[in-house]
Structure formats: C-alpha cells, structure tokens
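Please read all numbers here as calculations on a predicted model, not as lab measurements. The chain is numbered in sequence order, starting from 1. In each ligand, atom 1 is the first atom listed, and ligand 1 is the first ligand listed.
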Amino acid sequence: MQWQTHEITNQVPELQNYNLFETDVCLRDGVNQYAAAWHKEALHQFGDRLGTPDVIALGELANKHLPELNTHDRHGKRIDHVTFHASWHQLLSMLREQDLHAMPWSRPRTGAQVARAAGYYMQAQIEAGSLCPTTMTFAAIPVLQKEPALFAQLQSQLFSSEHDPRDLPIAQKKSIMIGMGMTEKQGGSDVRTNTTIARAINKEGRGQPYLLTGHKWFFSAPMCDAHLVLAKTQAGLSCFFVPRWKPDGSKNPVQVQRLKSKLGNQSNSSSEVEFLDAYGVMVGEEGRGIPTIIEMANLTRLDCVIGSAALMRQALVQAIHHARHRQAFGRLLSDQTLMRNVLADLALESEAATSLMLKLASVAEAGDDPLSQTWKRVMTPAARFWICKRAIEFTGECMEVWGGNGYVETGPMARLYREAPVNSIWEGSGNVMCLDVLRAIERDPKGAQLLLQEFRTSDAPAIQAMVDNLEQNLQLPAEAREFNARRIAQQLVLVAQSYLLEKNAAPEIAAAFTHSRLDPDCGRIYGSFGHTMDSAFCQHILQRALPE
Ligand SMILES: Cc1cc2nc3c(=O)[nH]c(=O)nc-3n(C[C@H](O)[C@H](O)[C@H](O)COP(=O)(O)OP(=O)(O)OC[C@H]3O[C@@H](n4cnc5c(N)ncnc54)[C@H](O)[C@@H]3O)c2cc1C
C-alpha cells in the first residue's frame with residue numbers, strides 16, 4: 001500500500017545539460033577580444049561536457065567522499081599516502097586533458113593564457129578543490145623552466161595531458177603535479193620567520209642537493225610528485241624542489257602529520273608535514289627563495305581571481321535558474337520586482353569580475369610593454385583582494401535566493417559558499433594583497449601613471465571622478481597610504497571594472513555598473529539599485545547573464 005501525504009510541487013529542476021561557454025556572453029566576447037578565438041570550438045565542447053549531469057555529479061561526489069590519510073601501511077611501514085574517491089581523479093583527468101595545468105607553456109601561442117583561463121573558469125564552476133594542485137603545477141612551471149638541467153628531467157611529465165595518480169618516482173610516471181610549501185606555524189604572510197633549514201649534501205648552491213629539516217603548517221596536495229619548498233641556508237631563505245621519492249627510489253622523508261579539517265575546499269587534501277632530512281634540490285639563487293617563489297605566487301593569484309569569478313558565475317546562474325522556476329505569492333521569483341533588483345545587481349557584479357579576470361589573463365602573457373606590466377603587477381593583487389572578498393558575500397546572497405534549499409548540503413549553494421573564503425586567505429590574505437598593490441605602485445610610479453591615464457581615456461564623468469579620488473589617495477604620506485590600502489585597492493578595481501565594461505560590454509550594462517557602484521546611496525548590499533533602474537531593465541540584464 002502506498003501512502004501519499006502530499007503532492008510535490010514548486011520545486012526547481014536541476015540546472016543541467018547547459019553549455020557553460022555558450023551561455024556566458026562575457027566569457028565568449030573576452031575569448032574573441034583577447035586573441036583566443038582559436039580555442040573557441042574546444043571551449044564550446046568543454047562547456048557542453050561540463051554541464052552534463054555526470055560531470056556535475058563528479059563535483060558532488062569528490063566533496064562527499066573526502067580524502068583519507070594513511071600514514072603507515074599494514075606492515076607498519078611509513079607511506080604518507082592520501083587516498084581519494086575516483087571522482088577526484090576524474091576531475092583531475094579533465095583538467096589535465098584540457099591542458100589547464102600548462103597550456104601557455106606546453107602550447108605557447110598568443111591568447112593561450114586567456115584560452116586556458118576560460119577553460120579553468122568553466123571547470124572551476126563545477127568543482128573547485130581539484131584546482132589547487134592544478135594551479136600549483138601551472139605556477140611552478142615557469143620557475144622550473146629557469147633550471148634547465150632539472151626541467152629537462154621533468155618537462156614531458158609536466159606537459160603531459162594525461163593524469164597519472166600513481167605514487168611512484170617521477171621517472172616512472174606519465175605525468176606529475178607540483179605543490180608549494182611556504183607557511184609554517186609561526187608565520188605564513190611573513191615567511192622570513194621560517195625555521196626549516198637546508199644543509200648541502202656536497203656542494204652548496206643552485207642545482208645542488210640538500211637535506212631539509214623542519215616543518216610546514218599548510219602543505220596542500222601532499223600527493224603531488226614534488227613541492228617547491230622554502231628553507232633557510234646560511235645565505236637566507238632559499239627555494240628547493242622536494243620530490244616525494246628520492247633519486248635512489250626510496251621514499252623521501254616528508255612525513256604527513258595530519259590532514260587539515262577545513263571549512264570548504266574539502267575534496268582537496270591540505271596537510272601538515274615534517275621534513276626529516278628530506279632530499280631537495282636548490283632552485284634559483286641561494287638566499288633568493290622569496291623572489292623565486294613569488295614568481296609562482298603571481299600566477300596562483302591570477303588563478304584565485306579566476307576561481308572566485310567562477311564561483312560567482314556558478315552561484316549566479318544557479319540563483320537565476322532557481323528564480324525562473326520557483327513561485328512565491330502566485331508569481332515566479334524572477335518576475336518579482338525586488339528579486340529582479342537583487343539578481344540584476346548580482347549579474348553586474350559577476351560580469352565585472354569575469355571581465356577583469358579575462359583582462360588579467362591577457363596581460364599575463366603581454367611581454368614587457370609597461371602598461372601591461374602595470375596591469376599585471378598592480379591590478380592582479382588588487383583584483384585578488386577585491387574579487388575574492390566579493391565572492392564571499394556574493395555566494396551568500398545567491399544562496400538566499402534559493403531560500404532554505406540553499407542552506408542545505410543536498411544542493412550546490414552551500415558548497416559554493418563554503419569554498420569562497422579560501423581564495424582570499426590562501427597565499428597572501430587580503431591585507432597582504434593591498435600592501436602588495438602599494439608596493440607595486442611605489443616601485444613603478446610611472447607605470448601607475450600610465451594605468452590612470454588609460455582609465456582617463458573614458459568619457460564617463462563617474463570614472464574621471466573615481467580617478468581623481470584615487471590620485472588623491474595615492475599622494476597621501478606613506479603611513480596614511482598604508483592605512484588606506486584597502487580603499488585604494490577597492491577604488492582601483494572599481495575603476496578598472498567600470499572601464500573594462502565600458503570598453504567591452506553593452507553601454508547600458510557599463511553605465512548601470514558604474515553608476516550603481518559609485519552611488520553612495522546604493523549601499524553595500526546587493527539589490528539596492530535606485531529608481532533610475534527599473535524592473536524591465538533588470539530583466540534585460542538577466543537575459544544577458546543567462547539567456548532563457
Ligand atoms: C585551505 C588552505 C590551503 C593552504 N595551502 C597552502 C600551501 O599549500 N602551501 C603554503 O605554503 N601555504 C598554504 N596555506 C597557508 C596560507 O598561505 C596562509 O594561511 C596565508 O598565507 C596566511 O598566513 P598565516 O595563516 O600564517 O596568517 P598570518 O600571516 O598570521 O596573517 C593573519 C592576518 O594578518 C594579516 N597581515 C599579515 N601581515 C600584515 C600586515 N603587515 N599588515 C596588515 N595585516 C597583515 C593577513 O592579511 C591575515 O589576514 C593554505 C591555507 C589554507 C586556508
């Protein structure tokens with residue numbers, strides 16, 4: 001006998017079988033504009049695949065069945081092995097097949113950074129934890145390329161498009177992943193406090209083998225085949241390539257103490273490790289470990305921007321989709337005037353984030369042109385600060401569009417929300433990014449002038465007014481400038497986003513963004529557009545954001 005207490009109605013169908021590329025006008029336009037149109041067909045196919053129920057399920061599975069650490073095998077031998085659900089490896093295989101770990105280096109051509117950013121941005125919408133080892137590998141390659149002897153041994157495995165999960169010495173593997181180890185218990189932002197030491201086995205210096213003793217308090221993706229690790233020699237902090245296996249085929253004594261129990265980013269394992277005379281090869285100049293590894297960090301910052309823009313985009317499309325199917329008080333949520341205000345405001349924020357991340361990807365390969373260099377050096381940390389922070393409240397607001405269903409773990413919104421803060425903390429938290437923006441400006445004031453001049457080519461009085469304000473803040477005495485560093489980074493990003501939307505998006509979209517972001521009455525909460533924008537215009541913004 002069947003009991004039926006009620007009929008199920010007004011629940012929203014899954015958002016699936018949609019093409020993540022074709023439905024994203026800002027992404028498509030950016031790929032054309034920044035010389036990556038050659039990759040459009042591949043992105044179209046990838047976008048289609050990512051939207052299938054099977055791939056969406058991989059993201060859910062990898063975050064439900066979490067990584068497990070086994071420090072010893074059943075015979076008591078130390079193995080420091082992390083096991084993952086099959087979905088994790090399938091996600092890494094997809095990232096790898098698309099060359100998202102290496103494309104600009106393995107297949108260099110104009111537009112490769114943007115093509116890669118577009119693919120990364122799409123997969124990031126489906127699952128974010130697997131991005132961590134992919135990003136670290138991507139960022140390590142240019143550092144390793146500067147060590148020709150070492151790179152020659154690694155190149156084919158680094159560039160390979162095939163994920164190889166086996167825990168074997170590098171020479172026996174089809175492909176490898178690289179991580180980074182900087183943060184210790186006593187300090188992460190200030191790595192000068194690192195206490196891990198390295199002693200030369202024979203000769204000292206670049207390319208020579210050392211033994212490392214000490215620890216790292218955060219060491220993500222310990223199953224990577226090697227990590228770039230900071231440790232002290234007599235000359236100061238230096239950078240070392242520390243593989244999981246030693247050249248003699250024995251396990252390198254990098255002991256995983258435990259896995260971090262994290263708020264989000266749960267599919268990815270982050271660990272605490274100790275080095276017990278661990279083998280490592282010096283990379284870069286002795287005593288120049290920070291500049292060596294900072295080169296890597298510049299690229300991880302770009303990926304944090306892409307990853308956060310992706311979280312925003314996915315939260316947005318989920319919110320719009322929900323509002324188009326859920327009714328309250330006799331009407332669809334998407335037809336309710338106030339809800340349209342909220343969703344349209346979110347859509348503008350998401351488009352501005354995507355637009356800026358595409359620009360930053362384009363300047364990542366822009367050579368020595370001083371203006372592009374300034375975009376890279378000043379705007380990457382500024383965007384990393386602002387967009388990663390915006391993603392936190394953004395995903396929370398989108399979750400609320402789903403009502404109670406947003407807050408429970410059976411849907412995607414809770415995962416997006418829990419994922420959002422990590423990009424703002426990891427490798428350079430908010431304040432550190434803002435101080436970096438100031439440092440970049442102080443180091444190259446002419447470049448900063450060029451950037452402001454570029455913004456001034458806009459006719460919009462609002463943009464001109466923002467640049468005036470910025471110039472005043474930049475002229476403050478050093479202490480006051482530091483005090484205002486967050487304000488300066490925020491102003492830089494809002495100006496840049498307004499400017500980019502004016503150049504690249506429909507004029508009415510650019511005007512709506514610029515006016516609302518500069519309107520002091522608009523406030524800090526999404527959905528505060530004033531009466532100069534109406535419900536019909538908001539509907540137009542939503543159609544652009546996710547065509548019905
Ligand atoms: C999920 C996850 C994974 C991670 N994976 C790795 C990894 O793989 N490898 C690795 O090396 N690290 C990793 N980290 C560590 C991360 O990079 C550090 O947590 C981060 O750099 C901050 O360092 P900290 O935790 O020591 O905080 P602190 O350095 O103590 O900073 C605390 C706060 O003070 C602020 N602050 C610092 N200096 C100043 C200043 N001069 N003025 C104003 N404010 C300041 C910071 O912005 C921050 O908000 C990971 C962290 C997380 C959460």
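- Ring geometry for H89 against H163 counts as parallel: the plane angle stays under 30°, on a 0 to 90° scale with 60° as the upper cut.
- When distances from atom 49 (O) of ligand 1 to the protein are checked, a heavy atom turns up under 4.0 Å.
- Minimum heavy-atom separation, M282 to E147: O-OE1, 4.4 Å.
- Between G188 and ligand 1, at least one pair of N/O atoms sits closer than 3.5 Å.
- Rounding to the nearest 0.5 Å gives a distance of 8.0 Å between CG of D190 and CD1 of I290.
- Under the 4.0 Å distance rule, the nearest protein heavy atom to atom 30 (O) of ligand 1 falls outside the cut-off.
- Within ligand 1, counting atoms from 1 as listed, the ones closer than 4.0 Å to a heavy atom of G181 are 11 (O).
- Under 4.0 angstrom from ligand 1, the non-hydrogen atoms of K262 all belong to its side chain.
- Scanning the protein for heavy atoms near atom 9 (N) of ligand 1, the closest one is M180 O, 2.9 Å.
- Heavy-atom distances between G428 and ligand 1 reach below 4.0 Å in at least one pair.
- Residue M136 places no N or O, backbone or side chain, under 3.5 Å from any N or O of ligand 1.
- Nearest approach of Q497 to L356, heavy atoms of both residues: CG-CD2, 4.1 Å.
- Nearest non-hydrogen protein atom to atom 27 (O) of ligand 1 is S189 OG, 4.2 Å.
- Put simply, atom 39 (C) of ligand 1 has no protein non-hydrogen atoms near it, under 4.0 Å away.
- Within the 4.5 Å cutoff, side-chain heavy atoms of R206 are placed close to those of E285.
- Atoms of ligand 1 lying under 4.0 Å from at least one heavy atom of I425, given by number and element, are 20 (C).
- Here the heavy atom of the protein found nearest to atom 43 (C) of ligand 1 is N431 ND2, 3.4 Å.
- Under the 4.0 angstrom criterion, atom 7 (C) of ligand 1 counts as having a protein heavy-atom contact.
- With a 4.0 Å heavy-atom cut-off, ligand 1 is reached by the backbone of V432 and by its side chain too.
- Contact annotation for L435 and ligand 1: only side-chain heavy atoms (C-beta onward) come within less than 4.0 Å of the ligand.
- Summary of contacts: the protein heavy atom closest to atom 12 (N) of ligand 1 is T183 OG1, 2.7 Å.
- Any N or O atom pair closer than 3.5 Å counts here, and E482 shares no such pair with ligand 1.
- Between I176 and L154, some side-chain heavy-atom pair lies under the 4.5 Å cut-off.
- A 4.5 Å side-chain heavy-atom check between L470 and L492 finds at least one atom pair inside the cut-off.
- Per-atom contact check: atom 1 (C) of ligand 1 touches the protein, criterion being a heavy-atom distance below 4.0 Å.
- Shown here, atom 25 (O) of ligand 1 is out of close reach of the protein: none of its heavy atoms lies under 4.0 Å off.
- In terms of protein heavy-atom proximity, atom 22 (C) of ligand 1 is closest to S429 OG, 3.7 Å.
- Here the protein heavy atom with the shortest distance to atom 17 (O) of ligand 1 is E427 N, 2.8 Å.
- Taking 4.5 Å as the limit, some side-chain heavy atom of F138 sits within range of a side-chain heavy atom of W105.
- Those atoms of ligand 1 with a heavy atom of V422 less than 4.0 angstrom away are 1 (C).
- For the pair R313 and Y121, the cation does not sit on the ring face, since its NZ or CZ is not both under 6.0 Å from the ring centre and inside 45° of the axis.
- Side-chain contact between V55 and Q123 is absent, with no heavy-atom pair separated by less than 4.5 Å.
- Any N or O atom pair closer than 3.5 Å counts here, and D190 shares no such pair with ligand 1.
- Without hydrogens or angle criteria, K146 side chain to T292 main chain gives no donor-acceptor distance under 3.5 Å.
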For R377 and D444: C-alpha separation, side-chain torsions, deciding distance, then whether salt bridge (charged side-chain N to carboxylate O under 4.0 Å, His left out) applies.
CA-CA 10 Å; R377 302 237 179 281; D444 182 16; over 6 Å; no

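- Ring pair H227/F219 is parallel by interplanar angle, where below 30° counts as parallel and above 60° as perpendicular.
- In terms of polar-atom proximity, W426 is counted as a contact of ligand 1, with an N or O under 3.5 Å from an N or O of the ligand.
- A side-chain donor-acceptor contact under 3.5 Å links T196 to the backbone of H215.
- With contacts defined as side-chain heavy-atom distances shorter than 4.5 Å, the pair Q98/L95 does not qualify.
- Regarding atom 53 (C) of ligand 1, its nearest protein heavy-atom neighbour is F218 CE2, 3.9 Å.
- The distance criterion of under 3.5 Å between nitrogen or oxygen atoms is not met by N265 with respect to ligand 1.
- Distances between N or O atoms of M182 and those of ligand 1 include at least one value under 3.5 Å.
- Relative orientation of the Y526 and F394 rings is perpendicular, given thresholds of 30° and 60° on the angle between their planes.
- Atom numbering of ligand 1 starts at 1 in the shown order; those under 4.0 Å from a heavy atom of S220 are 3 (C), 4 (C), 5 (N), 6 (C), 7 (C), 8 (O).
- Inter-residue side-chain proximity for I488 and L476 is flagged as unmet; no heavy-atom pair is nearer than 4.5 Å.
- Considering backbone and side-chain N/O atoms, E184 never comes within less than 3.5 Å of an N/O atom of ligand 1.
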